[in-house]
Every structure is written in C-alpha cells, then in structure tokens.
Amino acid sequence: MITKPISKFPIGVFDSGLGGLTVLKLLEKILPNECFIYFGDTDHVPYGSKSADTVIRYSKDIIDFFLTHNTKAVVIACNTASAIAYKELRNSYNIPLFDVVAPSVAYSDYTSKTRKIGVIGTYSTIHSRAYTQSFTDLKSDCSVFEIACPLFVPLIEEGWSNTSVAREVAHTYLEAFQGTEIDTLILGCTHYPIMAETIKKTVNDHMQLVYSGETVGNKLSTYLEKNNCKNKSGSLGETRFYVTDFPQKFDELGSRFLGRNMEYIEHISLI
Ligand code: DGL
C-alpha cells in the first residue's frame, strides 16, 4: 500500500549528478508552488555506463535519504536509473515513485503521426531496451529505433553542445535514423535538452523532441491533483540541493542546466 502524501511536504528529485536539473527546471515551471529536494549523486556519476545492480544500490540510498525528509513523492530524473532500476525500486518502496521513461513513451505514442519513434540515451539506458519494452507494455503500434550516444554527456558538460565537434559527433550517431521516418525523438538522457538545437538540426528541423521533465511533470501534476495533495499554499515553493561530491563544479555548471542560480547546495555523504 502506498502511504498517503501530505500536500506541504516536498518532492524528491534525483539524478546521478547535475543533468537532472533540466528535469527539475520543468518541474518547477509546471508545479511552481511545490517545494523540491534535488539530490545529485556527483560522487558516483556517471550512472550511464554502470550495471543495474550498482545503480539500484545507489538509488536505494538516495530514496532512503528522501524518506528521512518526508518527501511526498520521488521523481527519478535520471533516465538511466529510470530504465534499469525503476522496477526494482517500485517493488521495494511504498512511496509514489515516478520514472521518466513511461511518461515520455505515453506522450510519444499519443502524438506520433508516422508511428515511428526514435530514442537516444546513455549506453545503459539503450542497452536495457526499457523504452522499447515500455511501448510494448502500452500495446503501442509504434516502431522504436534506439541509439546510444555516450559522447553527448561529456560534450555538454564541457560546454561544447553547439560546436562543430558536437555537430560532427551528432551526425555520426544520428545518421542511423535516416530512412526510418521517425517524426518524434525522445531525449532519453537528462543532459540532452542542453544540446537540443544541435540534435534537431542534425535529424530534421521539424522533428518533435520529447523532454522528460515536461512529460513526467505533467504526470506528477495529475497525480497530485487527483490525490488532493498539491501544495496550494499560494506562495512559491523552495528547492534545496544536496550533492555527494564537492559542490563547486555542480554550482558552476548547474546554473546553466537549471537556468538560474542555486541558493544553497549542501554536500552530504550517504556512506
Ligand atoms: N543522468 C544520466 C541519464 O539521464 C546521464 C549521466 C550519467 O551517465 O550518469 O541517463
């Protein structure tokens, strides 16, 4: 049984590092009155090249941390953790838990006209075939084309998303979509929204890009409304940030991902 959430309690959002800030940015926009606790596991980043067992272990430590902070719901902003750890986490906890795979799949299935969908993500996300499985679970008639783009994350973190190097790398990965007739591309990694312009130009300017922050944000909003636990205090919510490695780099790069400065970042060790 899932514990009944209380409206004024915060929502936990976690990622392997700072990429999840692109998700948080949209959650804050969709749910401006909610308080969030953002957890970036910067000590263990990247998750994208790690095994399911390892990512499950890290994710459990983070959810245990959230439980001590009375979170009314938890968003797994990290695509890799959503793809390879969500099922196990859902079986282990009785709190409302939101992954980023299912909402983007449902949205793409609803909107695609050609019924051909592309997905890009980290090595572990794509290798798990979680997106394809999620379309199957939905009994969707869409064909799914998945491509791992592991070099995008370091390029983005280097601030090179819009350079000739990025365009070259994007072209090399994404040319496999040629001839597939996809009209919808799921950005299946927290970092990719930062590189959206380069990605879109490479595949096709008319391609619909799907952002996990938006799709999970709408799903979460509906859930909170239905369960009568939206924060209706009328004042703007606050966000607290926790990271497992030193906060300087998170602070420097993070404001670019979040689109604003972060007031207060605390270093915390879960060991
Ligand atoms: N946050 C990860 C994801 O969305 C990307 C970075 C990593 O590999 O940890 O898949």
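When reading the values below, keep in mind they use all heavy atoms of this one structure, side chains included, and skip hydrogens, waters and symmetry mates. All ligand and atom numbering here is 1-based and tracks the order in the structure.
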* Got a sec, which pairs hit ring-ring contact (aromatic ring centres under 6.0 Å, His included) with one end in residues 11-32, sequence neighbours left out? ->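 Every pair satisfying ring-ring contact (aromatic ring centres under 6.0 Å, His included) with a residue in residues 11-32: there are none.
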Practice item. Just say parallel, tilted or perpendicular for the rings of Tyr123 and His127, cut-offs at 30° and 60°. Key: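 Tyr123 and His127: parallel rings.
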Atom pairs, nitrogen or oxygen, ligand 1 to protein, under 3.5 angstrom:
| unit_1 | atom_1 | unit_2 | atom_2 | d |
| --- | --- | --- | --- | --- |
| ligand 1 | 1 (N) | Asp15 | OD1 | 2.7 |
| ligand 1 | 1 (N) | Ser16 | OG | 3.2 |
| ligand 1 | 1 (N) | Thr190 | OG1 | 2.9 |
| ligand 1 | 4 (O) | Asn79 | N | 3.1 |
| ligand 1 | 4 (O) | Thr190 | N | 2.9 |
| ligand 1 | 4 (O) | Thr190 | OG1 | 3.2 |
| ligand 1 | 8 (O) | Tyr47 | N | 3.4 |
| ligand 1 | 8 (O) | Gly48 | N | 2.8 |
| ligand 1 | 9 (O) | Ser16 | OG | 2.6 |
| ligand 1 | 9 (O) | Tyr47 | N | 2.7 |
| ligand 1 | 10 (O) | Thr80 | N | 3.2 |
| ligand 1 | 10 (O) | Thr80 | OG1 | 2.6 |

Criterion salt bridge (charged side-chain N to carboxylate O under 4.0 Å, His left out) on Asp99 and Arg90, from CA distance to verdict:
CA-CA 10 Å; Asp99 71 304; Arg90 197 186 48 193; over 6 Å; no
Is the shortest distance from a Lys or Arg side-chain nitrogen in Glu225 or Lys232 to a carboxylate oxygen in the other one below 4.0 Å?
->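 Yes, charged N to carboxylate O under 4.0 Å.
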Are Arg240 and Glu266 within salt-bridge range, i.e. N to O under 4.0 Å?
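Looking at Glu266 together with Arg240, the answer is no, because their closest N to O distance does not fall below 4.0 Å.
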Atom CD in Gln208, atom OG in Ser112: separation rounded to 0.5 Å?
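With rounding to 0.5 Å, CD (Gln208) is 8.0 Å from OG (Ser112).
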